[in-house]
Amino acid sequence: MNFKVDKIIKDNKDLIYIAIIYFVLTLIFFFPLYSNLSNMAYGNGADLYQTLFFLWYVPHALFSNNIYFTHLLFFPIGSSLVTQTLSPLAGILFSFLDFNITLKYNILFIIAFILTGTFSYMLAFYITKDKYASILASFIFTFAPTHMAQAFNHLDWTMIEFIPLYFYFLLRLYNERKSIYAVYAGISLFFASFFGDIEQGIFLIFFTLVILILFIFEDRKEKKYIIKNIYNSALLLGVSFVIAIPFIIEALPYLGNALSTASSVGNSINDNIIWSDNLLSFFLPSIYNYILHYVAENYSYIYYNDPAETTSYIGYITLILVIVSIYYWRKDNNKEIKDYILLFSILSIISFLLSLGPYIVIGKTITIPSLYILYKLLPIFNIIREPGRFDIFTMLFLSIIAAFGYIKIRDRINSKNEILLLLWILAVIAIEYVGLPITNFSNELLESTYIPKGIYQLGNLSGNFTVMFIPIIPTPTQNAELYPGIAMYYDTALHKPIVGGYIERTNITQNLSVINMPLAIMAYNLLLEQYTNQTPNIEYSSPVLENYTDLMLYTLALYNVSFIVVIKNAYGYAYQYAILSYLNQVFGLPVYSSNNITIFYTAPTLNKDALMYINKTEAIAEGAWITGYALCNQNNISCNATIESLWYADYNSVAKPYISIYAPITANYTLNFTGLTLPYNTSVYISTYAITQLGLERTGLYNLSLENRLNVYSKNITLEKGINYLYIEPESGIIMLKNMTIEAK
């Protein structure tokens, strides 16, 4: 046994040294992180907290639930996670570590840079057969600004180590035509897709097809080689597919709906434009560069949406090395080298053009359509939302070309001390890419992952109840989803369903489940006023009797909310006082308060006799009612002073009014209301929709005739258990309804 271990170490001695080098470099570049690995992580937004939640949720749900659906978010409808950045394999493989989630996150973060450097060295050395040139290539790729920017936001795209490993096995497969490399490449593809991100797998399959076509063209006179490469490509995909079957089976029930238009996966042309690289960004140092960031700040509009997706600086030293390589390309007598430079040049151009998105944008000017317009026509491949992520591949391909350029320069100057030459070039690239001292800037990007003790105390309570965090609607700021993301992360200690949450690709049903709650809107409006410099104007002298408060209490009861947690850091002092004083009037003194959060217990108020209850036979409705006084006395139709609300619907209206209904059981109900139609008799269509795990689905369509005079109407309808939506639309004209009730039959 010892002999085998010694042999493995001896055979891979260089790779062990490379791994040590990248471990040391990672320590240097991210030094502030190591002061508190358990409570600090790199990130500046909700994506960090979302990833921490997924690292906890996947092993938590592995044997008790479907990992691609959770009831913990967006209660009561839950949320599909198929289109989210789960990285399920990372959560599963690291579940054995008895560490807190932040420490697991940071271990994955560090390992990502070590393995990215090691595996990209393997790829470069296989191609160049030169150790120093391979170190240079791996350094360019590992610490490329686009990778560093992703590291400050997205762990799934920090863990890109299996991308170079996949290309290493793929090239060996096509060059040597040994099927064993198809197996290794298939495993690498699986890890890239489920340890990193499914988009990585989509990108890799796309470039596999491009490389296969290029090899077919190269071997066009050798039919047996073409057949062999096609067979091995199919074997590669088959191996990856077979290994992924457990995840595919889990995702299958939610896959179709998740990729539909209604799921808002955010991959429209307009979304692609937002998340594309600006041509200028390839020549502007990263805003995360401690020394050179001031240059990019003059073009801050390029990075406004998300620097992680729009940072694409190549680096002038890298560009010079690439130019040198291409300049000497035609003069090189080594056919293998010429073929590799040509191959990676083609791949670089393709990935570069695709990273520009649908239209080439230079500064603020949109010019001609890009190659991405054609890419968008490819089924499956076109589900990509962020074309800018192609830049990861651009940097990998350019790093290989740059390695050949380094070899040419080294050979021409005939350097006697190559180590010094390499270190000098690496030092300049390090300044270009990350800036020095990196510690000063990266310290600003560290985010606290501390969870207040009150959250743990809520998690220890028994019983089935829901928790509402506020604010829970994305705020009108650049980092809009931060607080919903924090609420989602707190659920790793809470283990209870929460209202809302942060999901990158929400659907209409999930959004409705939050904006139907008056308290959520109130909390959002406070932040809107805060960030637009308006004075808060929220006064409730008799909050329990206030109509707004009654509706708020109803929705809290509807969602089974027992606790409200205010994230205090979201609000300035005046706005924090407004929300806390209001909740104090309604619910009494908080049960927990710290510098971070304040918790209110809602149950005593929700149990007041004045509140309408949900029981086994009663359906409760609330919805888009409007004040109706302005509509009275039209066409001699009078209404008395007792009318407070009307259902008003115009068949020409785009936004149709609705009511949301909670039905405790699936059953037949009677819809009663008083109403009339103007200016003449008409038919109305009553549509019912139920919220399911797959979204909003219509469950019934009913027809009823209304007259041009006030009358009482009834209609039997079927409601599904849970939340339903009911729409009433006139065939023509205008309808006005009042006194609506829903009774169990």
Any side-chain heavy-atom pair from [X] and [Y] closer than 4.5 angstrom?
{"X": "Ser351", "Y": "Phe397", "result": "yes"}
{"X": "Asp156", "Y": "Glu199", "result": "no"}
{"X": "His154", "Y": "Thr51", "result": "no"}
{"X": "Phe53", "Y": "Tyr57", "result": "yes"}
{"X": "Thr102", "Y": "Tyr489", "result": "yes"}
{"X": "Ser345", "Y": "Ile401", "result": "yes"}
{"X": "Lys408", "Y": "Trp329", "result": "no"}
{"X": "Leu398", "Y": "Ile140", "result": "no"}

Practice prompt. Could you go through the side chain to side chain donor-acceptor pair (under 3.5 Å) check for Ser79 and Thr70 one step at a time?
Written response: CA-CA 5 Å; Ser79 177; Thr70 180; over 6 Å; no
So how far is it from [X] [atom1] to [Y] [atom2], rounded to the nearest 0.5 Å?
{"X": "Leu89", "Y": "Met159", "atom1": "CG", "atom2": "CE", "answer": "9.0 Å"}
{"X": "Thr85", "Y": "Ile198", "atom1": "OG1", "atom2": "CD1", "answer": "12.0 Å"}
{"X": "Thr310", "Y": "Ile287", "atom1": "OG1", "atom2": "CD1", "answer": "7.5 Å"}
{"X": "Glu161", "Y": "Thr116", "atom1": "CD", "atom2": "OG1", "answer": "4.5 Å"}
{"X": "Ile110", "Y": "Thr158", "atom1": "CD1", "atom2": "OG1", "answer": "12.0 Å"}

Between [X] and [Y] (judged by ring centroids, cut-off 6.0 Å), do the two rings come close enough to count as a pair?
{"X": "Phe195", "Y": "Phe162", "value": "yes"}
{"X": "Phe203", "Y": "Trp157", "value": "yes"}
{"X": "Phe141", "Y": "Phe119", "value": "no"}
{"X": "Phe29", "Y": "Phe113", "value": "no"}

Worksheet item: Testing Met488, Glu447, Glu481 for side chain to side chain contact (heavy atoms under 4.5 Å, CB included) with Tyr49, which one passes?
Response: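 Single side chain to side chain contact (heavy atoms under 4.5 Å, CB included) partner of Tyr49 among Met488, Glu447, Glu481: Glu447.
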Worksheet item: Leu48 pairs by side chain to side chain contact (heavy atoms under 4.5 Å, CB included) with which of Tyr42, Tyr105, Phe152?
Response: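 Result for side chain to side chain contact (heavy atoms under 4.5 Å, CB included) with Leu48: Tyr105.
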Is there a donor-acceptor pair under 3.5 Å between the side chain of [X] and the backbone N or O of [Y]?
{"X": "Asn106", "Y": "Ser38", "value": "no"}
{"X": "Ser355", "Y": "Phe352", "value": "yes"}
{"X": "Tyr22", "Y": "Phe139", "value": "yes"}
{"X": "Asp391", "Y": "Thr146", "value": "no"}
{"X": "Asp491", "Y": "Ala487", "value": "no"}
{"X": "Ser95", "Y": "Ile92", "value": "yes"}
{"X": "Ser399", "Y": "Leu396", "value": "yes"}
{"X": "His495", "Y": "Gly459", "value": "no"}
{"X": "Asn39", "Y": "Thr449", "value": "no"}
{"X": "Asn460", "Y": "Tyr456", "value": "yes"}

Just checking [X]: does its [atom1] atom have more than 12 heavy atoms from other residues, nucleotides or ligands closer to it than 6.0 angstrom?
{"X": "Tyr34", "atom1": "OH", "answer": "yes"}
{"X": "Asn595", "atom1": "CG", "answer": "no"}
{"X": "Phe96", "atom1": "CZ", "answer": "yes"}
{"X": "Lys568", "atom1": "NZ", "answer": "yes"}
{"X": "Lys453", "atom1": "NZ", "answer": "no"}

Would you check if there is a donor-acceptor pair between the side chains of [Y] and [X] at a distance under 3.5 Å?
{"X": "Tyr126", "Y": "Asn175", "value": "yes"}
{"X": "Tyr303", "Y": "Asn278", "value": "no"}
{"X": "Arg410", "Y": "Tyr406", "value": "no"}

Can you name the nearest heavy-atom pair linking [X] to [Y], along with the distance?
{"X": "Ala296", "Y": "Pro285", "value": "CB-O, 3.1 Å"}
{"X": "Pro307", "Y": "Thr311", "value": "O-OG1, 2.6 Å"}
{"X": "Ala403", "Y": "Ala133", "value": "CB-O, 3.5 Å"}
{"X": "Leu108", "Y": "Ala90", "value": "CD1-CB, 4.1 Å"}
{"X": "Ile18", "Y": "Thr118", "value": "CG2-CA, 3.9 Å"}
{"X": "Ala308", "Y": "Ala149", "value": "CB-O, 3.6 Å"}

Discussion item. Determine whether Ile67 and Leu81 satisfy the following criterion, side-chain contact (heavy atoms from CB on, under 4.5 Å), listing intermediate values before the conclusion.
Written reply: CA-CA 8 Å; Ile67 66 171; Leu81 304 177; over 6 Å; no
Can you give me every donor-acceptor pair (side chain of residues 312-319, partner residue at least two apart or in another chain, under 3.5 Å) with its distance?
residue: Ser312; atom: OG; partner: Ser281; partner atom: OG; Å: 2.5
residue: Tyr313; atom: OH; partner: Glu432; partner atom: OE2; Å: 2.5
residue: Tyr316; atom: OH; partner: Phe283; partner atom: O; Å: 2.9
residue: Thr318; atom: OG1; partner: Tyr433; partner atom: OH; Å: 2.8

Item to complete: Check step by step if side-chain contact (heavy atoms from CB on, under 4.5 Å) holds for Leu426 and Leu136.
Response: CA-CA 7 Å; Leu426 291 178; Leu136 175 66; 3.7 Å; yes
Item to complete: Tell me, with the steps shown, if Phe94 and Leu55 meet side-chain contact (heavy atoms from CB on, under 4.5 Å).
Response: CA-CA 9 Å; Phe94 279 75; Leu55 280 177; over 6 Å; no
Discussion item. Suppose the criterion is salt bridge (Lys or Arg N to Asp or Glu O under 4.0 Å): which pairs have a residue in residues 308-326, not counting sequence neighbours?
Written reply: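 The answer is Glu309-Arg389.
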Worksheet item: Where does the angle between the aromatic ring planes of Phe206 and Phe390 fall among parallel (under 30°), tilted (30 to 60°) and perpendicular (over 60°)?
Response: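 Aromatic pair Phe206/Phe390 classed perpendicular.
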Practice prompt. Take Phe30 and Leu25 through the side-chain contact (heavy atoms from CB on, under 4.5 Å) test and state the conclusion after the steps.
Written response: CA-CA 8 Å; Phe30 300 104; Leu25 289 172; over 6 Å; no
With a 3.5 Å cut-off and sequence neighbours excluded, list the donor-acceptor pairs that the side chains of residues 187-194 form with protein atoms.
residue: Ser188; atom: OG; partner: Tyr184; partner atom: O; Å: 2.9
residue: Ser193; atom: OG; partner: Leu189; partner atom: O; Å: 2.9

Item to complete: Please test Phe404 against Tyr328 for ring-ring contact (aromatic ring centres under 6.0 Å, His included), starting from the C-alpha separation and ending with a verdict.
Response: CA-CA 9 Å; Phe404 285 115; Tyr328 287 105; over 10 Å; no
